[in-house]
Engineer: 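Okay, handing you the structure first.
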Amino acid sequence: MTAPEHDKALVGAYVLGVLSPEENTAAEAHLDSCPECRRELDELRMLHDELGEVPPEAFLDGPPDGGDLLLQRTLREVRGISSRQRVWGGSLAAAGLVAVVALSVGAGVFVGNQTASGPGNGVAAPTASPLPPGTKHASNVDATTGAHLAATVIPANNGWVKLQVQAGDIAPGQRCKLFVTSKAGKQEQFGGWLVGANATPGKSITLDGTALMSINDVASVSVVNDQGQVLVNTPV
Amino acid sequence: MGIAERWSRRGGRSAGDEALIRSLYEEHGRSLLAYATRLTGDRAAAEDVVQETLVRAWKHADDMVNNKGSVRGWLLTVARNIITDRARARAVRPTEVAETPTTPPIQRDHAQGVVDSMAVLSALNTLSAEHRDVLVEIYYRGKSVTEAASTLGLPPGTVKSRSHYALKALRTAMAEQPAEVTR
């Protein structure tokens, strides 16, 4: 393959299409007569196709154009997660419960009408139709905040879940986000609300949501405020 | 790589964490944002993807550093996975109202293509700068021999022969590369 007569064919350059018409003709003439170079041609063609798998953007360097707003935003998020980790302590952080809260609170907020549905500390959110097999229930009361959470996790097709939760006894005025956390630590927000200023103790809010997570992967459901504090978490 | 090793220590984070994010942003931000923008067709969505990618890099610094491919490849793979997952999540929502057995299964096999492409990328990174540069100019930037020759400051004949040897060197690098590349 290193012999000069083979190299004259410049099979690699031929594959890359950078030869002049005359060189192409010469390369093809050599390829016709040389099984070894034809084999190489096949291999390099395959490789050439694989090159196409790499995105051309992979070869851009440096920071994005247009300033570092994106950097600042990312740093703020990381700072937020760091402080949350300190609040939550080691075990949750290790389980990876800290996660992406990239969405601003705006996304899922609906203003806090804490409807009267009883001091829902038991089974959550009754539904009209019978729940499918595999549905899981969980509930918990946080010893520190006093907030309670009851969650029903319903398996859906294609590896996602519907979630119905009742939450209550959360201090008024808090912006709450609902998260579901996978066993691998992946976390997805599936809802959020603002606790009304006149929220009545003992009353619960009922919320539904969906998350792209298989029911078998669901580890816990939690309510987190916009400071990143976990108000209540229930293992599923 | 050297930079990233320092981050793999856990504990005593904050200052180091910010420096990690900053250095990744300075080095790979443009590449990530351009890639995400092309795939999403939306600059704002792409920025969200880049942000999430960097946060994941920070959270999984060990994984990123120990990855057999390049840091760049790891980041692009993560960005692509985030975009795919989001597209899938959007595609899945309507099944909430139309949940029938005929609902087409969601594609789960995007990972393989990404692995392959990142294997090529990390093999490219093992080439000498001369070889890599000529392939990047010719193949990825679509330059003609004349243009590449002028960019690289080489005679056109050298660009041709070098591209030939670069492709052969890449084949060798691909063959030597461990097959397993972390997602």
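Only this structure's heavy atoms are used, side chains among them; waters, hydrogens and symmetry mates stay out. Lettering of chains follows the sequences in order, A, B, ..., and the numbering in each one begins at 1.
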Engineer: What parts of residues 141-155 of chain B touch chain A if we use heavy atoms and a cut-off under 4.5 Å?
Structural biologist: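 Answer by number: B:Arg141, B:Val145.
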
Engineer: When heavy-atom pairs shorter than 4.5 Å are enumerated against chain A, which of B:Ser163, B:Pro156, B:Ser161 gives the highest number?
Structural biologist: B:Ser163

Engineer: Working to the nearest 0.5 angstrom, can you tell me the gap between B:Gln51 CD and A:Arg76 CZ?
Structural biologist: 8.5 Å

Engineer: Does a side-chain heavy-atom distance below 4.5 Å link B:Leu54 with A:Leu71?
Structural biologist: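 A side-chain contact is absent here, since even the closest heavy-atom pair is not under 4.5 Å.
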
Engineer: Evaluate the side-chain proximity of B:Trp58 to A:Leu75: yes if any heavy-atom separation is below 4.5 Å, no if none is.
Structural biologist: no

Engineer: Looking at every heavy atom in both A:Glu50 and B:Val120, which two are closest together, and how far apart are they?
Structural biologist: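 Looking at all heavy atoms of both residues, the shortest contact is O-CG2, 3.7 Å.
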
Engineer: Ignoring hydrogens, what is the shortest heavy-atom contact between A:Thr74 and B:Ile21? Give both atom names and the distance.
Structural biologist: CG2-CG2, 3.9 Å

Engineer: For the interface with chain B, which of A:Glu43, A:Arg73, A:His48 has the highest count of heavy-atom pairs at distances below 4.5 Å?
Structural biologist: A:Arg73

Engineer: Spell out the residues in residues 128-138 of chain B that have some non-hydrogen atom less than 4.5 Å away from a non-hydrogen atom of chain A, in order of number; otherwise answer 'none'.
Structural biologist: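 Within residues 128-138 of chain B, the residues under 4.5 Å from chain A are B:Arg132, B:Leu135, B:Val136, B:Ile138.
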
Engineer: Given that the side chain runs from C-beta out, which part of B:Leu33 has a heavy atom under 4.5 Å from chain A: side chain, backbone, both or neither?
Structural biologist: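 Answer is side chain: those atoms of B:Leu33 sit under 4.5 Å from chain A.
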
Engineer: Rounded to the nearest 0.5 Å, how far apart are CG of A:Leu212 and CZ of B:Arg86?
Structural biologist: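 Reported to 0.5 Å precision, the distance equals 12.0 Å.
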
Engineer: Applying ring-ring contact (aromatic ring centres under 6.0 Å, His included), name anything that partners B:Tyr25, two or more places apart in sequence or on another chain.
Structural biologist: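 Checked B:Tyr25 against ring-ring contact (aromatic ring centres under 6.0 Å, His included); zero matches.
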
Engineer: Considering all heavy atoms of both residues, which atom of B:Val55 and which atom of A:Val78 are nearest to each other, and what is their separation?
Structural biologist: CG2-CG2, 4.0 Å

Engineer: Distance check, rounded to the nearest 0.5 Å: B:Glu52 atom CD versus A:Glu77 atom CD?
Structural biologist: 7.5 Å

Engineer: Do the non-hydrogen side-chain atoms of A:Ser20 and B:Lys160 ever get within less than 4.5 Å of each other?
Structural biologist: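 The answer is yes, as the side chains (C-beta and beyond) meet within the 4.5 Å cut-off.
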
Engineer: May I ask you to name which of B:Arg162, B:Glu26, B:Arg22 has the most heavy-atom pairs under 4.5 Å with chain A?
Structural biologist: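 It is B:Glu26.
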
Engineer: Which heavy-atom pair separates A:Pro55 from B:Tyr35 by the least distance, and what is that distance?
Structural biologist: CB-CE1, 3.4 Å

Engineer: What option among A:Asp61, A:Val15, A:Leu51, A:Asp65 has the most heavy-atom pairs under 4.5 Å with chain B?
Structural biologist: A:Leu51

Engineer: According to salt bridge (charged side-chain N to carboxylate O under 4.0 Å, His left out), does anything in residues 29-39 of chain B pair up with another residue at least two apart or in another chain? List the pairs.
Structural biologist: A:Glu57-B:Arg38

Engineer: Which bit of A:Leu47 is near chain B, if near means a heavy-atom gap under 4.5 Å: side chain, backbone, both or neither?
Structural biologist: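 A:Leu47 touches chain B through side-chain heavy atoms alone.
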
Engineer: Is there a donor-acceptor contact under 3.5 Å from the side chain of B:Tyr139 to the main chain of A:Gly52?
Structural biologist: yes

